[in-house]
Every structure is written in C-alpha cells, then in structure tokens.
There are 2 protein chains.
Amino acid sequence: MFSLSEENYLKSIYHLEAIHGKGISTNSIAKKLETKASSVTDMIKKLAEKEVLVYKKYQGVSLTTLGRKEATTIVRKHRLWEVFLVDKLNFSWDEVHDVAEQLEHIKSPKLIDELDVFLGFPKMDPHGDPIPDKEGNFQKIEKRLLSTLEEHKTGICVGVNDSSSDFLKYLDKNNISLGQKIKVLSKESFDGSLTILIHSKEITISKKISNNIYIQ
Amino acid sequence: MFSLSEENYLKSIYHLEAIHGKGISTNSIAKKLETKASSVTDMIKKLAEKEVLVYKKYQGVSLTTLGRKEATTIVRKHRLWEVFLVDKLNFSWDEVHDVAEQLEHIKSPKLIDELDVFLGFPKMDPHGDPIPDKEGNFQKIEKRLLSTLEEHKTGICVGVNDSSSDFLKYLDKNNISLGQKIKVLSKESFDGSLTILIHSKEITISKKISNNIYIQ
DNA sequence: ATAATTTTTTAGATAAGACTAAATATTTTT
DNA sequence: AAAAATATTTAGTCTTATCTAAAAAATTAT
C-alpha cells in the first residue's frame with residue numbers, strides 16, 4: 001500500500017519517463033512536484049526499498065515493472081474520474097484536474113472498475129489522453145505538435161500537452177477543442193508564431209501555444 | 001480548511017452529540033475513533049482554537065455552529081457518495097461504507113453539489129439515514145428500534161443503527177431490507193430475543209440484532 | 001470524608017514527510 | 001586539468017498526528 005505522497009512521486013516519475021526515457025534526475029522530479037531535491041532523495045530511498053524503482057546514488061531513477069504498474073493504475077484512476085466529471089457532472093475540461101488529483105488516490109479496485117463500466121469503457125480523457133484498461137494497456141495514438149505542422153497543411157486537434165485551467169480557458173476562448181480542424185495559414189520564422197484558420201476564423205497564436213496542442 | 005484527521009474528529013463528535021447531546025467526553029471520542037484519550041485531548045485543543053468546538057478542561061466538548069456546519073457537510077458528502085455507489089456502480093449496501101469514508105474527504109463544493117443533482121437530490125442513503133441538503137437541513141424521520149415493538153405488532157424497516165458489513169450481510173441473509181414489513185410474533189423476556197415474521201417466514205433474532213434495526 | 005477507581009491531562013517520544021544549509025559529486029567551461 | 005557551475009546527498013530541524021507513561025482531577029464506593 002502506498003501513501004498519498006508516494007503515489008504522487010510514482011505518477012510524476014512515470015510521466016517524466018514517458019518524455020525523457022529511463023534515468024530521471026532528482027532535480028526534474030523536484031521541479032515537477034514543486035518540492036526540494038533533498039526531499040526527493042529521501043523519498044526515492046524509500047521507494048527503492050519498496051522495489052518500485054531502481055536508485056543508484058548520483059544517477060537517475062527508473063521505475064521497475066511493479067512501479068510502472070502502480071503508476072499506470074493511478075493514471076487510469078485520474079483519467080476515468082476526469083471523464084466522469086465532464087460526462088456526468090457538467091464539469092468543463094479546465095475544471096477537472098484538481099478534483100481528479102484528489103480522486104485518483106481513493107483506494108478501491110471495485111470502485112474504479114465499476115466506474116469504468118458505468119462510463120462505457122472510455123478510451124480517452126477530456127484532454128485526449130489515453131485511459132489504461134484494467135490490465136494497464138492503452139493505445140498510443142499518433143500525434144504531433146501543432147508547432148511542427150507545415151504552412152498550408154491541415155490537422156485535427158487530438159490532445160493538449162498542458163492541462164492547466166489557464167491554458168484550457170484560452171483554448172475555449174478561441175474555439176479550439178478536441179476534434180477541431182486547424183489549418184496553418186502562415187508561420188512567422190522570427191518567433192515561431194502561427195496564423196491558423198479555425199472555425200473559418202483567422203487567429204494568430206504564439207509558439208508556446210502551438211507547442212501545447214497535439215494534432216493528427 | 002480542515003485536515004483529514006480534523007474532519008474525522010468533527011464527524012465523530014457530531015454523531016456522538018446526536019445520541020448523547022452536548023458535552024461529549026474525551027473517552028467516548030477516543031473509543032469512537034479507536035485512538036487514545038491523550039490524542040483526543042491534543043486534537044480538541046487544536047479544534048477549539050479553530051473555533052469549531054468549545055472545550056473546557058475536564059469537561060466534555062460541544063460543537064459550535066461553525067463546527068456543526070462543517071460536520072454536516074462531511075455527513076452530506078458521505079451519504080451522497082453512498083447513494084452513488086449503490087445506484088450507479090452496483091455496490092451493495094454492505095460494501096459502501098469504507099469507500100464513502102474516503103470519498104467524503106474530497107474537497108470540491110462543485111463536485112458534491114453536481115453529484116447531488118446527478119443523483120436527483122436523494123433524501124436518504126442506502127441505510128435509511130437522511131442526507132442534508134446544500135444548506136445543511138434534513139428531515140428527521142420518526143423511527144424506533146425494532147426491540148421496542150410490542151408483541152403481535154407490525155412495523156416497516158426504515159433504517160439500521162450499524163452499517164458494518166457483517167451486520168448488513170446478516171440482514172441480507174435473512175431478507176431484511178429497507179421497506180420490509182416485520183411482525184413481532186413473540187418476545188423472549190429472558191434474553192430479549194424476538195421471533196419475527198418476515199417475507200412470510202418465521203425467524204428468531206437476538207436482542208443485539210433488534211437493537212440495530214429501526215422501524216416505523 | 002476518605003479511599004479507590006475512573007477519566008482526563010501533561011510530558012516526552014516517535015514516525016512521515018517536508019525544509020534549510022552545508023557537504024560532496026559531477027559536469028561544464030576555460 | 002583546474003576552476004566554476006550545477007546537481008545530489010547528508011545532517012539536522014520542523015510540523016502533524018500519533019503513542020506511552022505518569023500526574024492530576026473528578027467520580028464512585030466504602
């Protein structure tokens with residue numbers, strides 16, 4: 001059984017491994033969890049004893065199979081709760097994160113599997129992220145950043161890279177949502193900003209924005 | 001904002017006040033929470049500083065209006081989640097308590113009010129206990145213990161006094177559920193056991209059982 | 001009303017998890 | 001390859017919530 005804190009470490013390391021591969025540094029974990037590197041060292045030692053990750057002084061950490069399984073379960077719970085909040089309780093996609101962050105720590109295998117049934121085994125959460133099934137498997141969808149799309153080409157928004165309320169509200173304001181067609185009209189080479197066509201309206205978005213939108 | 005531990009103290013004191021009135025003893029709180037009296041003293045001081053209860057050394061404690069409001073909210077959350085688990089996720093009434101005990105601590109006013117809407121503003125939880133509304137009001141239902149019913153009289157089961165899985169499973173096994181008609185055929189004066197008619201079947205139940213069933 | 005018992009509080013200790021500051025490794029720069 | 005900069009770990013402290021053991025107050029019994 002893992003504490004709330006341990007679960008949050010596992011989840012963060014899992015997400016960091018998805019981006020950077022094995023060998024996650026103490027500092028990057030500290031940044032992600034908004035804590036201090038010294039706290040991370042302490043916790044890492046504890047988690048290594050529980051055999052959910054491998055740790056060698058001054059080298060990064062890597063999840064074991066056991067650790068990855070545990071982390072996947074937490075991610076599954078988080079994303080299923082997000083679907084519940086949006087589909088059943090009228091939450092918008094920018095309101096779900098903080099609540100799901102709490103709900104993901106509820107311990108009850110029956111709860112989460114019945115929730116999955118109740119929701120109709122959804123494959124995606126409201127931000128386009130895949131939901132692992134009971135066994136921890138999920139489909140990896142093809143996607144690329146909007147910022148990599150060439151001029152005059154069109155893509156369909158399939159996900160976001162940042163689930164903060166601020167960013168999602170910005171997207172809402174500009175009518176950018178999942179399934180939305182986006183055409184790149186022009187690219188400014190100086191700052192990487194894009195002028196795009198969305199809902200037959202032209203808008204210009206910064207590189208930072210286009211770096212957080214996934215298309216297909 | 002209250003910690004998980006503080007919330008559990010508030011809830012226990014609230015339930016104890018409902019039975020014994022104001023002035024709850026350190027020891028009774030300790031028993032209810034399965035902790036030590038010394039721990040209770042510590043926590044009581046803390047809660048008194050937060051003005052959710054009144055505490056005077058060597059005298060019991062009483063909730064303030066603020067404290068009662070906070071406790072009512074926790075009870076509301078607990079009971080709404082129980083309804084959700086039974087109505088939507090196929091839990092039986094003996095499986096909900098432990099999970100609801102976790103869910104009641106999730107912090108999000110929107111979550112609980114939307115859940116209330118989603119469930120259709122239920123007035124009762126699966127054990128027949130009333131659910132406080134958004135303002136903290138709930139209807140107090142008339143009820144008495146089955147053990148107080150006279151011989152040859154009939155009542156309808158409207159609640160239970162113990163929500164432990166063991167007790168509820170016993171009731172299931174004997175076809176005793178909410179709304180069920182129960183007729184007392186005879187009362188054994190020696191040990192208080194009752195022979196009752198339920199579902200046109202005669203069964204004998206101990207005093208301890210009849211002391212945990214509410215009828216109307 | 002005094003003794004015995006029970007209840008409650010105090011004092012001091014412990015564990016989890018976080019922090020600061022200092023020490024030690026490692027990496028990067030020059 | 002030494003110096004500078006960065007990253008990581010260690011050592012010691014703090015907070016929250018708990019515990020045990022002992023002291024103090026209140027209650028009950030004689």
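Note on naming: letters A, B, ... go to the chains in the order of the sequence lines (proteins, then strands), and numbering restarts at 1 for each one. Every value quoted in this text rests on a predicted model; they were computed, and no experiment measured them.
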Worksheet entry | B:Gln59 CD to D:dA25 P, straight-line distance once rounded to whole Å | 14 Å
Practice prompt. Ignoring hydrogens and angles, tell me if any N or O in the side chain of A:Thr64 forms a donor-acceptor pair with the backbone of A:Glu51 under 3.5 Å.
Written response: yes
Worksheet entry | Residues B:Glu7, B:Lys107: salt bridge by 4.0 Å N-O rule | yes
Item to complete: Using heavy atoms and a sub-4.0 Å distance, could you list which residues of residues 27-35 of chain B are near DNA chain D? By number, please.
Response: B:Thr35
Discussion item. Below 4.0 angstrom, which residues in residues 3-20 of chain A have at least one non-hydrogen atom near DNA chain C?
Written reply: A:Ser3, A:Ser5, A:Tyr9
Worksheet item: Do A:Arg144 and A:Glu150 meet the salt-bridge criterion of a basic N to acidic O distance under 4.0 Å?
Response: yes
Discussion item. Under 3.5 Å, is there any donor-acceptor pair linking the side chain of B:Ser38 to the base of D:dT20?
Written reply: yes
Worksheet item: Once the angle between the rings of A:Trp81 and A:Phe84 is folded into 0 to 90°, is it parallel (under 30°), tilted (30 to 60°) or perpendicular (over 60°)?
Response: perpendicular
Discussion item. Without decimals, in angstroms, what is the distance between A:Ile44 CD1 and D:dT9 C1'?
Written reply: 10 Å
Worksheet item: Which whole-number value in Å describes the distance from B:Tyr58 OH to D:dA25 P?
Response: 6 Å
Worksheet item: Will you find, in the side chains of B:Asp94 and B:Ser92, an N or O donor that is under 3.5 Å from an N or O acceptor?
Response: yes
Worksheet item: Contact class for B:Ser39 vs. all strands (heavy atom < 4.0 Å): base, sugar-phosphate, or nothing?
Response: base
Worksheet, complete the sentence: Side-chain contact check for B:Ser25: nearest option of D:dT8, C:dA18, C:dT8 is C:dT8
Worksheet item: For A:Asp42 and A:Lys57, take the nucleotide of DNA chain C holding the closest heavy atom to each; which residue's nucleotide lies nearer the 5' end?
Response: A:Asp42
Fill in: salt bridge (Lys or Arg N to Asp or Glu O under 4.0 Å) between A:Arg76 and A:Asp113, worked out
CA-CA 10 Å; A:Arg76 168 172 158 80; A:Asp113 291 332; 2.8 Å; yes
Practice prompt. Take the protein atom OH of B:Tyr55 and the nucleotide atom P of D:dA25, then report the distance between them rounded to whole Å.
Written response: 13 Å
Worksheet entry | Length of the CD-P vector between A:Glu49 and C:dA16, whole Å | 11 Å
Item to complete: Figure out the NZ/P separation between B:Lys45 and C:dT9, and round it to whole Å.
Response: 8 Å
Worksheet item: When all nucleic acid strands are considered with a 4.0 Å heavy-atom cut-off, which category describes B:Thr26: base, sugar-phosphate, or nothing?
Response: sugar-phosphate
Discussion item. Is it the case that the side chains of B:Asp166 and B:Ser164 hold a donor-acceptor pair, with the cut-off being a distance below 3.5 Å and no angle test?
Written reply: no
Fill in: Pairing of A:Arg79 and A:Asp116 as salt bridge, 4.0 angstrom limit
no
Item to complete: In whole angstrom, give the distance that lies between atom CG of B:Leu47 and atom C1' of D:dT16.
Response: 13 Å
Worksheet item: Can you name the residues that form a ring-ring contact (aromatic ring centres under 6.0 Å, His included) with A:His78, not counting sequence neighbours?
Response: A:His97
